Each structure stands twice: as C-alpha cells, then as structure tokens.
Amino acid sequence: MGDPPEDFHARFAAPERLDLLLVIQRAGEVIGDLMIKVEDAWAPARAVSQARGVQAELGWSLRPEETGKGYATEAVEAVLRICFDELGLRRVVAGCFTGNTASYRLMERVGMRREGHSVKHALHPSGAWLDGYTYALLAEEWRGRDR
Ligand SMILES: CC(C)(COP(=O)(O)OP(=O)(O)OC[C@H]1O[C@@H](n2cnc3c(N)ncnc32)[C@H](O)[C@@H]1OP(=O)(O)O)[C@@H](O)C(=O)NCCC(=O)NCCS
C-alpha cells in the first residue's frame, strides 16, 4: 500500500468504502496477503441504508514455504478482530474450492461456519468449473466463541 498513514486510517473510518489488500509480514518480510472487501448486505429498497457496508468478504494467501506454521490463522484472526471489534461489521464471509482443504481448515480453525456448497460456480486455473464452499461468521458468534 502506498497511501500515507492518514489516508489509511480514513479508509478504516469509512468502512463502506473499504477494499484493501493487506500484507502479512514476518520479521519485515512479506510472507502473504489478505484481502478485505467491505460490502453491502441485501436489503429491500426502503432499507438499503441500514445494509450499507455491514459485512466483509475475506481472502488470503501465504507463500508456500510459510504454510503449516499458523501464520495465516494468526493473520485472519487479527483481521476478524478489525472487522468485528473496530469496524463494527455484522458478518464476515469467505469461500474456497471444495478441494482446498487448507483454506477451509483455516476457516474452521478461526470459528467460521460452512454455510453453502455451490456447484460448479467458479473457474479454477485449470480451466475447470469447480464446486465451492462458502463460510461465514457473525459478530455475535465472534464475541461468544471461546478464546
Ligand atoms: C490457505 C492457506 C493460507 C492456509 O495455510 P496454512 O499454512 O494451512 O494455515 P496456517 O498458516 O494458519 O497454518 C495452519 C497449519 O499449521 C499448523 N500449525 C503449526 N503451528 C501452529 C500454530 N502456532 N497455530 C496454528 N496452527 C499451527 C496447524 O496445525 C495447521 O496445519 P494442519 O492444517 O495440517 O493442521 C495456504 O494453504 C495458501 O496460501 N494456499 C494458497 C492460496 C489459497 O488457496 N488461498 C485461499 C483461496 S480461497
């Protein structure tokens, strides 16, 4: 991110506009990234203002040599803390291909619930349309979980 710090903080203060790629650093070295995209929830026309910027979609990736050490878990938990405790969001969602065991194990480790199985919904780099899982976590689940 090339933004000056004041712009960075201003973006966090206006979560309905937040769409960021964060980096995961260890000892000053970038070892992965995290996407956080604040979105509107669906609402009927008369209630759209109440549904604006209330949820986020997350995504993540680690350098392959840095997997298996818990770094993604630590980083995703930090982002969930930002989403719920600082931005006051009501819901966080994420998804992965059904074969991406590492990613859905990570979601389950941080307390996310599997909500859906979509059939042939997304294009894999192999060129095949593959099934995906969607996961979610609500603010009340985050606050109520054992930590
Ligand atoms: C998804 C991805 C980030 C998960 O990486 P990961 O290394 O499994 O996740 P973590 O860094 O949290 O490490 C957890 C693993 O380290 C182990 N571990 C070791 N020390 C740990 C610690 N202190 N805390 C937590 N876990 C620890 C865990 O047991 C776990 O291994 P397991 O799943 O075999 O039980 C990684 O596989 C990746 O970058 N994949 C490619 C990109 C991708 O698919 N992104 C998702 C698109 S939807």
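For the single chain, residues carry numbers from 1 onward in sequence order. Both ligands and their constituent atoms are indexed starting at 1 by order of listing. Small disclaimer: the values here were computed from a predicted structure and weren't measured.
Listed by chain and residue number, the protein contacts of ligand 1 are Trp60, Ser61, Leu62, Thr67, Gly68, Lys69, Gly70, Tyr71, Ala72, Thr73, Gly95, Cys96, Asn100, Ala102, Ser103, Arg105, Arg109 (heavy atom within 4.0 angstrom).
A cation-pi arrangement, defined by a distance under 6.0 Å to the six-membered ring centre and an angle within 45 degrees of its axis, is absent between Arg114 and Tyr135.
Applying the salt bridge (Lys or Arg N to Asp or Glu O under 4.0 Å) rule to Glu115 yields the partners Arg91, Arg113; only residues at least two apart in sequence or on another chain are considered. Take His121 and apply the side chain to side chain donor-acceptor pair (under 3.5 Å) test, not counting sequence neighbours, and it matches no residue. When the side chain to side chain donor-acceptor pair (under 3.5 Å) test is applied to Asp131, the partners found at least two apart in sequence or on another chain are His117.
With a 4.5 Å cut-off on side-chain heavy atoms, Leu34 and Ile24 count as touching.
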Next item on the list: Walk me through it: do Arg145 and Glu140 pass the test salt bridge (charged side-chain N to carboxylate O under 4.0 Å, His left out)?
Entry: CA-CA 9 Å; Arg145 78 191 190 126; Glu140 58 263 39; over 6 Å; no
